[in-house]
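First up is the structure itself, then whatever we jot down about it.
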Number of protein chains: 2
Amino acid sequence: MTTIRDVAKLASVSVATVSRVLNNSGYVNELTRERVNKVINELNYQPNSIARSLYKKETKTVGFIVPDISNPFFPALIRAAEDYLNEQGFTIILCNSDEDVEKEERYLSMMKQKYVDGVLIISDYLTAEQVKEAPMPILALDRTVDDDVPTVLVDNYQGGRTATKHLMEMGCERIAHIRGPEHIENANDRYDGYLNIVRDTDWFDDSYVAQGGYQLNQAKEAATKLLTENPSIDGIFASNDLMALGALKAAERLNFNVPHDVKIIGFDGIEWTKATTPELSTMSQPLYEIGKKAASLLVEIIQGNKIDQKKFIFPLTLEKRKSTER
Amino acid sequence: MTTIRDVAKLASVSVATVSRVLNNSGYVNELTRERVNKVINELNYQPNSIARSLYKKETKTVGFIVPDISNPFFPALIRAAEDYLNEQGFTIILCNSDEDVEKEERYLSMMKQKYVDGVLIISDYLTAEQVKEAPMPILALDRTVDDDVPTVLVDNYQGGRTATKHLMEMGCERIAHIRGPEHIENANDRYDGYLNIVRDTDWFDDSYVAQGGYQLNQAKEAATKLLTENPSIDGIFASNDLMALGALKAAERLNFNVPHDVKIIGFDGIEWTKATTPELSTMSQPLYEIGKKAASLLVEIIQGNKIDQKKFIFPLTLEKRKSTER
DNA sequence: GTGAAAGCGCTAACAT
DNA sequence: ATGTTAGCGCTTTCAC
């Protein structure tokens with residue numbers, strides 16, 4: 001590896017001068033600059049960013065902690081963040097937490113040691129103190145870590161309401177809900193939105209709600225049970241798209257025609273929803289925008305700029321597709 | 001941030017001693033060790049890995065360059081690699097190249113500057129020299145960068161043969177192929193496998209092959225054209241699952257029943273294939289194993305161990321599903 | 001406009 | 001068994 005010393009020697013200047021032309025800082029004679037640049041090119045010299053980071057205490061790196069990159073919901077978010085961060089000269093360290101607090105803590109501590117400049121996190125588990133103790137700015141997306149942590153997400157409650165209302169408008173009279181994990185707040189919010197619409201109907205009771213754990217197979221079982229035990233169900237609002245697909249599979253196997261016998265709507269708007277037959281209606285999140293906004297806010301904070309709010313709420317779009325047609 | 005000096009001072013020892021207990025190296029009295037550890041805990045001290053990296057010239061970081069994380073094929077590979085690398089104390093820097101050589105080069109050069117210990121890459125574009133010039137070990141997966149670069153992948157040629165033969169065995173008599181990009185070798189290999197089976201039939205000619213660019217929509221158009229211009233086609237081998245889905249969508253829209261009128265098989269074995277109706281047959285790759293193997297080989301090389309071969313070929317599994325049933 | 005030198009936080013000779 | 005110190009490659013103050 002060639003170092004700044006090599007360049008300095010060959011250009012017959014001091015390392016300070018080389019550093020100046022490297023960083024475009026301070027005064028340096030035009031001719032000297034040219035000479036130095038020539039040597040830099042000749043030697044194909046690239047500054048060692050580790051050394052630079054040690055001095056400057058900044059690494060141009062941000063961490064991104066996601067539950068599980070194999071879950072099709074997350075890649076779009078990551079991709080968007082990476083695109084923006086890369087433009088800004090940052091690099092992403094990716095970590096899968098598996099929704100496990102301990103892993104999150106380990107990753108956070110590792111990031112602290114590696115001096116990342118900031119971290120993006122999708123988590124429901126970290127405590128307010130953990131976030132406050134962290135030496136670098138943290139920004140949450142998709143889920144709320146703590147009210148004090150800047151967060152980018154959608155209005156899950158309204159989304160739950162809209163989805164449920166849509167089913168009603170399409171003629172459903174008995175609407176079941178397959179909910180997500182109880183420890184995930186956005187699942188609770190979507191559930192509350194559903195409740196808000198159905199609570200006061202004459203048919204509603206607890207038996208219309210099942211736990212699907214945000215998982216395809218669990219939702220499939222849940223839907224099978226729901227439809228078997230209560231064949232009058234003619235609408236299902238699943239709290240995410242994976243579970244909507246599970247419901248679709250269940251209906252198929254039970255020979256319920258979708259959308260004729262039972263209509264299904266999901267939540268998130270992942271690409272899969274266009275792959276199914278019938279295509280799935282869904283409350284679509286602007287995933288790319290969310291990821292990008294999160295990244296850009298984080299960069300702002302890293303650069304020391306104050307941001308004017310804590311919560312950034314993006315609009316949901318009701319995608320009406322075949323699975324909820326009349 | 002508390003440093004090794006703070007610990008040393010508080011424990012009334014030198015930084016060398018602290019470093020020794022930190023790294024479990026050299027001699028250190030049991031009592032001193034305890035005292036130091038106590039202070040470390042009290043101060044909640046964590047060594048600065050930037051400083052450590054600067055000295056040791058190793059960062060416990062590896063780069064992973066993938067074409068596009070939003071493509072559902074890649075996350076499983078990344079996840080597997082992350083799992084293994086993390087166990088081994090490594091951290092992953094993720095980069096999306098969009099199949100763009102210049103981006104790949106930029107990322108590689110950035111990784112060089114950041115002193116990553118090694119890189120995993122999914123690419124068809126880098127030249128042998130570029131790889132050889134790199135100061136850190138590089139390992140390819142899924143695609144061959146250069147014969148000299150250790151590579152983990154499947155036998156695409158045989159896979160193409162097997163898929164095509166399967167369609168024949170299921171009764172297809174006119175089998176079309178939707179191929180992947182010409183500059184991607186694995187697409188060519190799969191195509192060659194197909195050719196090997198159909199070349200000598202009395203019906204085959206060029207009109208049975210269409211370009212799908214490994215993309216859903218392009219494949220959908222290609223399949224529409226194929227099926228419209230030649231309705232005698234009763235089998236389609238798509239070079240990846242995304243395109244198989246495109247073909248399925250096309251068939252659906254043209255009112256071809258799958259599998260009755262036309263059978264479809266894909267390649268890769270991504271999760272999506274189980275989401276469709278009918279579920280898609282596919283040549284399934286052991287994605288998790290491939291990712292894990294790639295990661296473990298890279299770690300071996302980083303640790304200075306020689307590996308005994310250049311190419312590691314994993315078996316494909318023919319997943320027979322509804323889309324190719326008789 | 002340029003150079004000398006200190007120092008970022010750590011590790012590892014080397015000395016004791 | 002422990003301490004002193006040089007040095008990893010860079011940036012930046014301070015002199016000149």
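The figures here come from the full heavy-atom set of this structure, side chains too, leaving out hydrogens, waters and symmetry mates. Proteins come first, then strands; the chains are lettered A, B, ... in the order of their sequence lines, and each starts at number 1.
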Exercise for review: Mind jotting down which residue pairs meet the ring-ring contact (aromatic ring centres under 6.0 Å, His included) criterion with at least one end in residues 70-103 of chain A? Sequence neighbours excluded, please.
Suggested key: none

**Study point:** Leading and trailing nucleotides of DNA chain C with any atom under 4.0 Å from heavy atoms of chain B
**Key:** dG9(C) to dA13(C)

Check your understanding: Which is the 5'-most and which the 3'-most nucleotide of DNA chain D that has an atom under 4.0 Å from a heavy atom of chain A?
Key -> dG9(D) to dT13(D)

Review point. Base, sugar-phosphate, or nothing: which does Y115(B) touch, judged by heavy atoms less than 4.0 Å apart?
Key: nothing

Exercise for review: Remember a base hit wins even if backbone is also touched, and classify T2(B) as base, sugar-phosphate or nothing at under 4.0 Å, heavy atoms.
Suggested key: nothing

Review point. Ion pair present between K132(A) and D148(A), side-chain N to carboxylate O less than 4.0 angstrom?
Key: yes

Review point. Roughly how bent is the helix from dG1(C)-dC16(D) to dT16(C)-dA1(D) end to end, in steps of 10 degrees, with each end axis from five pairs?
Key: 50°

Exercise for review: Please report the closest heavy-atom contact between M111(B) and G63(B), naming both atoms and the distance.
Suggested key: CE-CA, 3.5 Å

Exercise for review: Run the salt-bridge test on D146(B) and K310(B) with the 4.0 Å N-O cut-off and return the result as yes or no.
Suggested key: no

Point to revise | Residues from residues 17-41 of chain A lying under 4.0 Å of DNA chain C - heavy atoms | key: T17(A), R20(A), Y27(A), V28(A), N29(A), T32(A)

Review point. Does a side-chain N-to-carboxylate-O contact under 4.0 Å join R143(A) and E99(A)?
Key: yes

Check your understanding: Does any pair with a residue in residues 105-147 of chain A pass ring-ring contact (aromatic ring centres under 6.0 Å, His included), and if so which ones, sequence neighbours excluded?
Key -> Y125(A)-H183(A)

Study note, to complete from the structure: OG1 (T61(A)) and CG (D117(A)) are apart, to the nearest 0.5 Å, by 6.5 Å

Exercise for review: Name the residue closer to the 5' end of DNA chain D, choosing between V15(B) and M1(A) according to the nucleotide with the nearest heavy atom.
Suggested key: V15(B)

